[in-house]
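Presented below is the structure to which this report refers.
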Amino acid sequence: MDVSHILDGLNDAQRNAVTAPVDRHGLILAGAGSGKTRVLVHRIAYLVEVENISPYRILAVTFTNKAASEMRQRAEQLLERIGAGWWMGTFHGIAHRILRQHASAANLPEGFQILDSEDQLRTIRRLLKILELDESRWPPRQIQSYINSKKDEGLRPHALGQGSDPFQRKMIDIYHHYEDHCQRAGVIDFAEILLRAHELWLNQPDILAEYQQRFSHILVDEFQDTNRIQYAWLRVLAGHQAKLFVVGDDDQSIYGWRGARIENIQQFPRDYSESLTVRLEQNYRSTGNILRAANAIIQNNVERLGKELWTSAGEGVPLDLYAAFNEVDEARFVVSRIQQKVAEGHQRQEFAVLYRSNAQSRVLEEALLQAGVPYRVYGGMRFFERAEIKDALAYLRLIKNRDDDGALERVINTPTRGIGEKTLNTIRQQARAQQYSLWQAIAAVLETNQLTTRAAGALSAFMHLINQMDEEARSLTLGASVALVLESSTLFDFYKHQRGEKAQSKLENLEELVAAAEQFGTEISEEELPLDPLTEFLSHAALEAGEAQSDDWEDAVQLMTLHSAKGLEFPFVFLCGLEEGLFPHAMSAEDPLRLAEERRLCYVGITRAMQQLTLSHAESRRIYGKEVFSRPSRFIRELPTECIQEIRAQAKMSRPVYRSSQEAIVVDKQQEYSLGQGVFHQKFGEGVILNYEGEGARARIQVQFKSAGSKWLIAEYANLQAI
DNA sequence: CGCCGCAGGCTTTTT
DNA sequence: GCCTGCGGCG
């Protein structure tokens, strides 16, 4: 068989990785832009076509659905076949699949449902009410991150001991209650998926053996992002027979704050002493100057596995550095640069504007809006996270599982059907006293006639509605069931009769949900069908929340945080807000480990750029409504001066803070000024117009003078000369 | 039941 | 400065 297509076009390091001995573990240190996905996909093809390993014996794990589907697509292309039965997916997707297959062995009900982060937070809030704990003393978000971080470390409440202080004790106690609560409701959160799957294997050796016999090769993408439980899960599965082929870059580990352990990749060569390490250092993305900057930055970190990117392409243009007066000036600079380049014939989607925190996007958006430049902001609400979609899904969840209290609370009065807080509290109390689910409690409360006729009527109508939906949906396709639920719950009508753009878009989203269900229903029936389509669809919605923005194919500038930029590349990259306190963020500057992660984040940002990288920092910036003056980021100082070119601002002094400089201050026909303009005053000398109030002759103008400082002057008398 | 006003919080994000 | 959640009022 001709296998040249698998090895042709690979560089030496890539080929070494792809053809690494099949009986050894492999660690592939893949620098940014070094062809990481390529190596993974070609390794799979190599195993299958050269080593004759059945694709069914290969497991490929990624973090995101996007990465998983890209890998699948490219593998199908290279192997020229449809890989319907191949195990390629995210950690959560694969663990979930295993749990579905062995639900009862994992001590889960057949139709267990998945809580996304928002569901989890709501669950915690409800739990706090039940436990009569004050949210201000026990912040739900803090509890959520506590529980998740413990689960990420593989720790159950009983493994946490008694707790060293009252706070810890309470946290452990809440964690305990939370577990009971979820178990009873038949729901599991994201972290629980991994933890359960791990425990399933530890507790059921025969089930583990089944998987161990099946998989001979386990490939892992973005290995530097694995947390403790993920690595433990991989190690258990690999056992003594399967070989791990892990690909990652310790220099791009930027998710420590959500449990990722850079130690996993650092220690891999020690954990598997017989493993082979291959470094991919040739970069096919960026210019020499960009790589020089990236290498220089990352060299300031210690305990690296070590790697230096190089390119056979030229040096390219130097990096530009712009010192802005403030964030408005910075945004204007970025936008005018983009406009210039677009005028030269570049497409807008070639430009990415990156920033450390989401709050920075607003000013950039305003500047783009003002300039009429189309843009797209990454992040934000995803399709299956929208409130109206989650309302609809909650009905579907309730159909599947009446004990899902979260789903019930969500829809019992949505749209309003006369079941108020008072009635609900009676139900909650009943549920709590009898250890019932809310659904069971409703039935009990109705039996004992504790309620007014009106409330009782509304409640039994609700129960009837859900039961009716359940019954009718049984004989329908997935798409038709969803449509039915939207009709009979009156969710459709609710938004149809509401006016305004918001209601309109919600209605459209609900229609899209029906379409999504229809499509999902037809797609899934073609593959083997382990469960009923509705359960599958609900899991799909939780595990794959969809795109944040609908596919808008308009050519647009891309705005995103540095974190979301990981894995992407753009010809022109702007890295904004390079200031101490913002980047590195003040919350990370003290701790050397966190600072190192900020530096890796900077490295990630720099290596996104293909042709030209422009850095900027602002002397002052509004943060939480206050004006803050900051020093340029230490990361700027860590760059080699010879590859940086400083862009000088036109004026020398502070520019207006609040308003656009295009705004004209008209005093009279002869006198007209603009913000940022240089002026001369008889007494105070030279200055720059900072701000103004009012208009005409009586306008007050604020001028920052070189020697006399800032003054407010009446336009009529100031007699300012433009300079 | 739903709207409005006020107080407090606030890095980064996927599953 | 802006969003969220809660409490009060109509």
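Letters A, B, ... are given to chains in the order of the sequence lines, protein chains preceding strands, and every chain is numbered from 1.
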| said: Do A:Arg622 and A:Tyr624 form a cation-pi contact, if we require the NZ or CZ to be under 6.0 Å from the six-membered ring centre and within 45 degrees of the ring's axis? | reply: no
| request: Determine, for nucleotides 2-15 of chain B in 5'-to-3' order, which nucleotides have protein heavy atoms under 4.0 Å from the base (write B), from only the sugar-phosphate (write S), or from neither (write -). | output: S-------BBBBBB
| request: With A:Arg261 as the cation and A:Tyr255 as the aromatic partner, state whether NZ or CZ is under 6.0 Å from the six-membered ring centre and within 45° of the axis. | output: no
| field | All pairs passing side-chain hydrogen bond (donor to acceptor under 3.5 Å, both in side chains) where residues 581-593 of chain A contributes a residue, at least two apart | value | A:Ser588-A:Glu598
| field | Nucleotide C:dG1, atom C1' - distance to CD of A:Glu327 in whole Å | value | 11 Å
| said: Among residues at least two apart in sequence or on other chains, which ones pass side-chain hydrogen bond (donor to acceptor under 3.5 Å, both in side chains) with A:Ser489? | reply: none
| task | With sequence neighbours excluded, tell me which residues meet ring-ring contact (aromatic ring centres under 6.0 Å, His included) with A:Tyr175. | result | none
| task | With A:Arg97 as the cation and A:Trp87 as the aromatic partner, state whether NZ or CZ is under 6.0 Å from the six-membered ring centre and within 45° of the axis. | result | yes
| query | Do A:Trp138 and A:Phe167 have ring centres separated by under 6.0 Å? | reply | yes
| said: If the glycosidic angle sits within 90 degrees of zero it is syn, else anti. Tell me which applies to B:dT11. | reply: syn
| Distance in angstrom units between A:Glu365 CD and C:dG1 C1', rounded | 15 Å
| Quick one: A:Lys626 NZ to C:dC2 C1', roughly how many Å, whole number? | 15 Å
| request: Output all residues satisfying ring-ring contact (aromatic ring centres under 6.0 Å, His included) with A:His102, sequence neighbours left out; order by chain, then residue number. | output: A:Tyr211
For nucleotides 6-10 of chain C, list the nitrogen or oxygen atoms of the protein found under 3.5 Å from its nitrogen or oxygen atoms, one pair per line.
none

